Peer 1: 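Here you go, one structure.
Each chain gets a letter, A, B and so on, in the order the sequences are listed, and its residues count up from 1. Everything numeric here is computed off the predicted structure, so don't read it as measured data.
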Amino acid sequence: MAETINGMKRTCMCAELGEQDVGKSVTLMGWCHKCRDLGGLTFITLRDRTGEIQLVITPDNAEEIRTKAAKVRSEDVLAVNGSVQLRSAPNDKMKTGKIEIAVDELRILSESETPPFYIEEDDNANEQLRLKYRYLDLRRPNMQRNLITRHKIAKSARDYFDEKGFIEIETPMLGKSTPEGARDYLVPSRVKQGSFFALPQSPQIYKQLLMLAGYDRYMQIAKCFRDEDLRADRQPEFTQIDLEMSFVDCDDVMNVTEGFVAKVFKDVLDITIEQPIRRITWQEAMDRYGSDKPDLRFDMELKDITDAVKDIDFVVFKSAIEAGGTVRCVTVPGGSSFSRKEIDALGEVCKTYKAKGMAWIVPSAEPRGSFLKFLKPEDIANIKAAAGANDDDLICIVADKNSVVWAALGALRIAAADKLGLIKKDDFKLCWVTEFPMFEYSEEEGRYMAMHHPFTMPMDEDLDFLESDQGKVRSKAYDIVLNGCELGGGSIRIHDHDLQMRIFKLLGFTEESAEEQFGFLLNAFRFGVPPHGGLAIGLDRMVMLMGGCQSIRDVIAFPKVQNSSDLMTEAPAPVDDKQLEELGIKVAVQESNQE
RNA sequence: GGCGCAGUAGUUCAGUCUGGUUAGAAUGCCGCCCUGUCACGGCGGAGGUCGAGGGUUCGAGCCCCUUCUGCGUCGCCA
C-alpha cells in the first residue's frame, strides 16, 4: 500500500546538493534509480529531474526503515528525510558522489512494476517500445535534456523578439482549408454538417492580416499540421517560431533572424555564430552543391563538365546534352581506393534520384573507369581538369536534365562525405539560400506551382517575365539552412491586390475560384496593406540539430510514428457511431481498412 | 504507392547463409546470504506464440509465399 506525502515537504532537488550542505537536514522526493542491498547496509540511488544522489540505510536505522528499504524496487517513488553527510567512499563518476543522505524517514509513495526497459542515459531500448512507454522514456536524462533545450530555445525566442518589439499573438487552430500546399488535417463541423475546418499548415494568412491590422511586428510559437508522410525530420504536427514584419524588405527579415539564431546559439550552446551569415543564391546552391539546402561542413562541390565531354562519342552523355541537359560530376578525394562495390553503392544513391546511372573515372596514370573505352587520353585529361581532380580521386559523373543531375549528385556528395567521415557533428555551418524560382513546373498537375507559396513577392527585376517566362521568375524568398537541413524559410509577401490576382491566375485560379478560396484576403487587400514579409523557423529541427539528435522524435515529448499514429495512446482510433451521427458523417471504408 | 533494413526470454542480442536432440548469452526479475556499495558480490530459480498466417519437408527460428509492425528513404511535404 502506497504511503501518503502527508506532512513531508520537499526541501531541495537531488543534484543541487554538494559538500557545502554536509550536516543539513533535507527532504528529497524522486524515483528509485537503483538499489544495492548489502545485507546490513542498503544503498538507494534516488533520481529526480536534476540528477541522482545516494541514500544510505544502516543497521543504526530503525527496524521498520530497514525492512522498508529492503522492499524498494527500481522506479518506486520515494520520499526521504535525512541528513547530508560525506561519503566514506566517494564516487567520482557521480555529480553528488562526495555526499550521501543518511536516511531518517523513508516513505514509498508509489510502487512501480518492473519497467519494460532501464531508465538510463542511452536509449538502449527499441524505439517502438520507448514510444509505447513514452512516459518512461522521458524519464531518461538525455530526453529530459532535449526537452529542456527545447524550452531554452523557445524562451530565448520569446525574449529576443520581445526585445525587438515583436508581439506574440495566437492565431486559430480551426481555420479554412486552402488549396495548394500540403494535405490538410480536417475537423468536421457539428453545427454546419458537411463542412470542415482545417488545422493550420502554418499561420501564414493570419499573420499577413495582422500586418494589415497594424501589428507591425508579430511572432508566435505556433503548432502547424501537415498530413504528409513522415521522415526523420518531419512530423505531422510540429512547431514553428513564426514571425512577420511590416515595412521591410528581404534584408530586414534576414537580419532580425540572424540576430535570433546567433542569440540562441550563444544562450543554449555558448557558440558564437559568425555574422553576417553567408548568402548564396538558389542557382549557385544547385550548381555547387546540387541542393537548395547545402551542407557546408565539407567541400566536394559539383562541377559542370559538359564542355569537356561534349565531343566524346558516348551516347549517355550525348543524348543528355542533346535533350538540353548537362553532364556534371562530384570528385571524391582519395576515392581511387574505393572498391567496385563501394562505387556501385554510390551509383545506387544516384539511381534513387532518378538518374539512369553513374559514370566514374579515376584519372591516374593508369586510369580506371566505367566508360574508358569511349575516352581518348586527352578526354581524360580534360575531364580531370574540368573536375579539378587529382590522380587518386574518384570522379563520379551524372548526365541528365539538370533537376536529376543536381538531385543525384547532391545526394552522392553527402553519401560520399559521410563515408569519408567528413561530416563533423559538432560543427554548425549556416547559410541563407536566396532568389528561389517563383514557380516550379508540376508534371502531375500539368501547370506551374508556387515554389514557396502563392503570396510570395516576385523579385522586382523579374516582374516583367511573369506572363512571358514563368520559369525565369525569381522570388523574394529565402531559406536559412543549417548543416544541410532546412531550418526555416520565408519571403516578402505580395501586398498588392492586383499583383496577387495576377499570381493566382498564373497558378491556375480563375477569378471565381480565387475569390472563393481567398476572398477574405483579397478583400482585406483593398484596405491599405503595408509591405510586409516574414519567416518561420522549425523549432523541432532547431532543437534536433543543436541537441545532436538523429530524429525529430527525440525532441518532441509525444511524437507520432511513420504512419502518423501514436503508439502510446493508439490514436487515431475509431469513434462512437453517436459522435459520427452528430457530425453527419458516414464512414465509407470497411472496418478492416480502418485498423 | 516504390526500394532497403529490422522483428527470437521483461530487455539487448547470438543462432537463419549451410533445416536435425530439450533455442542460447548477457542483463533484468524472484528467493536465500552479505556492513561501504555505486555495472556491488555469492548461491539458487523462474522466464520463449522465434511478429502472424500459409506452404515445402520425415523434420522449419532457419527455405518459399502472404501479411502485420517499427525504422530509413524516393514520391509527397505551398
Peer 1: Does a distance-only test, which skips hydrogens and angles, find a donor-acceptor pair under 3.5 Å between the side chain of A:Arg234 and the base of B:C77?
Peer 2: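 Indeed, a donor on one side and an acceptor on the other fall under 3.5 Å apart.
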Peer 1: Which sits closer to the 5' end of RNA chain B, A:Glu180 or A:Thr352, going by the nucleotide each is nearest to?
Peer 2: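 Checking each residue's closest nucleotide, the 5'-ward one belongs to A:Thr352.
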Peer 1: Could you please name the option among B:G70, B:G72, B:G1 that lies closest to any side-chain atom of A:Asp229?
Peer 2: B:G1
Peer 1: What is the pairing partner of B:U22, taking Watson-Crick or G-U wobble pairs with both distances under 3.5 Å in any strand?
Peer 2: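 Paired with B:U22, as far as the under-3.5 Å criterion goes, is no nucleotide at all.
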Peer 1: Given the C1' atoms of B:G45 and B:C38, what is the spacing between them in whole Å?
Peer 2: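 Roughly 26 Å separates the two C1' atoms.
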Peer 1: Can the positive tip of A:Lys472 be found less than 6.0 Å from the middle of the six-membered ring of A:Phe465, inside 45° of the ring normal?
Peer 2: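 Yes, A:Lys472 sits over the ring of A:Phe465.
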Peer 1: For the residue pair A:Phe504 and A:Phe518, does the interplanar ring angle fall in the parallel (under 30°), tilted (30 to 60°) or perpendicular (over 60°) class?
Peer 2: parallel
Peer 1: Applying the Watson-Crick and G-U wobble criteria at under 3.5 Å, what pairs with B:G4? Answer none if nothing qualifies.
Peer 2: B:C71
Peer 1: Between B:G61 and B:U8, how many Å separate the two C1' atoms, rounded to a whole number?
Peer 2: 7 Å
Peer 1: Would you mind reading off the distance between A:Asp292 atom CG and B:C77 atom P, rounded to a whole angstrom?
Peer 2: 13 Å
Peer 1: In terms of side-chain geometry, is the basic nitrogen of A:Glu237 or A:Lys560 positioned less than 4.0 Å from the acidic oxygen of its partner?
Peer 2: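 Result for this pair is yes, salt bridge flagged.
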Peer 1: Would you mind pulling out the nucleotide paired to B:U16, Watson-Crick or G-U wobble, both distances under 3.5 Å?
Peer 2: none
Peer 1: Determine the interatomic distance between C1' on B:G28 and the same-named atom on B:A46; round to the nearest Å.
Peer 2: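 B:G28 and B:A46 have their C1' atoms separated by 13 Å.
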Peer 1: Once salt bridge (Lys or Arg N to Asp or Glu O under 4.0 Å) is applied, do any residues pair with A:Lys419, and if so which ones, sequence neighbours excluded?
Peer 2: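 Testing A:Lys419 for salt bridge (Lys or Arg N to Asp or Glu O under 4.0 Å), a comparison that skips the adjacent residues, returns A:Glu342.
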Peer 1: With rounding to whole Å, what would you report as the distance between B:G20 and B:G10 at their P atoms?
Peer 2: 24 Å
Peer 1: Would you call A:Asp137 and A:Arg134 a salt bridge, using N to O less than 4.0 angstrom?
Peer 2: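 Answer for the salt bridge query: yes.
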Peer 1: A:Arg553 near the nucleic acid: base, sugar-phosphate alone, or nothing, with a heavy-atom cut-off under 4.0 Å?
Peer 2: sugar-phosphate
Peer 1: Return a single string for nucleotides 33-41 of chain B, one symbol per nucleotide in 5' to 3' order, where B is base contact, S is sugar-phosphate-only contact and - is none, cutoff 4.0 angstrom on heavy atoms.
Peer 2: -BBBBBSB-
Peer 1: Taking atom C1' in both B:C68 and B:G51, compute the distance separating them and give it to the nearest angstrom.
Peer 2: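 Rounded to whole Å, the distance is 7 Å.
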Peer 1: Look at all strands and tell whether A:Thr42 reaches a base, only sugar-phosphate, or nothing, counting heavy atoms closer than 4.0 Å.
Peer 2: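 Contact class for A:Thr42: none.
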Peer 1: Rounded off to whole Å, could you give me the CD-to-C1' distance for the A:Gln204 and B:C77 pair?
Peer 2: 16 Å
Peer 1: Let's test this: given Watson-Crick or G-U wobble pairing with both distances under 3.5 Å, identify the partner of B:C62.
Peer 2: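 Check on B:C62: unpaired, no WC or wobble geometry under 3.5 Å.
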Peer 1: With sugar-phosphate meaning primed atoms plus P, OP1 and OP2, does A:Leu567 contact a base, only sugar-phosphate, or nothing at under 4.0 Å between heavy atoms?
Peer 2: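 Sugar-phosphate only.
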Peer 1: Starting the side chain at C-beta, find the nucleotide from B:G75, B:G70, B:C71 nearest to A:Gln128.
Peer 2: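 Selected nucleotide: B:G70.
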Peer 1: Can you name the ring pair (Phe, Tyr, Trp, His ring centres under 6.0 Å) partners of A:Tyr448, sequence neighbours left out?
Peer 2: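 Partners of A:Tyr448 under the ring pair (Phe, Tyr, Trp, His ring centres under 6.0 Å) test: A:Tyr441.
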Peer 1: With P as the reference atom in both, quote the distance from B:G2 to B:C58 in angstrom, rounded to an integer.
Peer 2: 36 Å
Peer 1: With nearest nucleotide decided by heavy atoms, which residue, A:Arg183 or A:Gln550, maps closer to the 5′ end of RNA chain B?
Peer 2: A:Gln550
Peer 1: When you check the phosphate oxygens OP1 and OP2 of B:C74, does a side-chain N or O of A:Arg231 lie under 4.0 Å from one of them?
Peer 2: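 The answer is yes; a side-chain N or O of A:Arg231 sits under 4.0 Å from OP1 or OP2.
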Peer 1: May I ask you to say whether A:Glu467 pairs ionically with A:Arg502, meaning some side-chain N is under 4.0 Å from a carboxylate O?
Peer 2: yes
Peer 1: Describe, in one word, how the ring planes of A:Tyr135 and A:Tyr133 are oriented to each other, choosing from parallel (under 30°), tilted (30 to 60°) and perpendicular (over 60°).
Peer 2: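 Rings of A:Tyr135 and A:Tyr133: perpendicular, over 60°.
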Peer 1: Encode nucleotides 4-16 of chain B as B, S and - characters from 5' to 3', where the letter depends on protein heavy atoms closer than 4.0 Å: B to the base, S only to sugar-phosphate, - to neither.
Peer 2: ------BBS----
Peer 1: A:Arg73 side chain N/O closer than 4.0 Å to the phosphate oxygens (OP1, OP2) of B:C30?
Peer 2: yes
Peer 1: C1' atom, B:G15 versus B:A23: distance in rounded Å?
Peer 2: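 Straight-line distance between the two C1' atoms is 8 Å.
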Peer 1: Between A:Arg297 and A:Asp295, does at least one N-O distance fall below 4.0 Å, as a salt bridge requires?
Peer 2: yes
Peer 1: Would A:Asp554 and A:Arg130 pass as an ion pair if we require N to O under 4.0 Å?
Peer 2: yes
Peer 1: When you compare B:G70 with B:C30, how far apart are their C1' atoms, in angstrom units rounded to a whole number?
Peer 2: 32 Å
Peer 1: Any luck finding a side-chain donor-acceptor pair between A:Glu100 and A:Gln85 under 3.5 Å?
Peer 2: yes
Peer 1: Among residues 400-420 of chain A, which contact RNA chain B at a heavy-atom distance under 4.0 Å?
Peer 2: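 Contacts with RNA chain B under 4.0 Å: none.
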Peer 1: Quick test of your reading: applying salt bridge (charged side-chain N to carboxylate O under 4.0 Å, His left out), list the pairs with at least one residue in residues 504-515 of chain A, sequence neighbours left out, ordered by first then second residue.
Peer 2: A:Lys505-A:Glu511
Peer 1: Is the closest basic N to carboxylate O distance between A:Glu486 and A:Lys293 below 4.0 Å?
Peer 2: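 Answer for the salt bridge query: no.
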Peer 1: Do A:Arg73 and A:Glu111 meet the salt-bridge criterion of a basic N to acidic O distance under 4.0 Å?
Peer 2: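 No, this pair does not count.
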Peer 1: So does A:Gln201 get a side-chain nitrogen or oxygen closer than 4.0 Å to the phosphate oxygens (OP1/OP2) of B:C77?
Peer 2: no
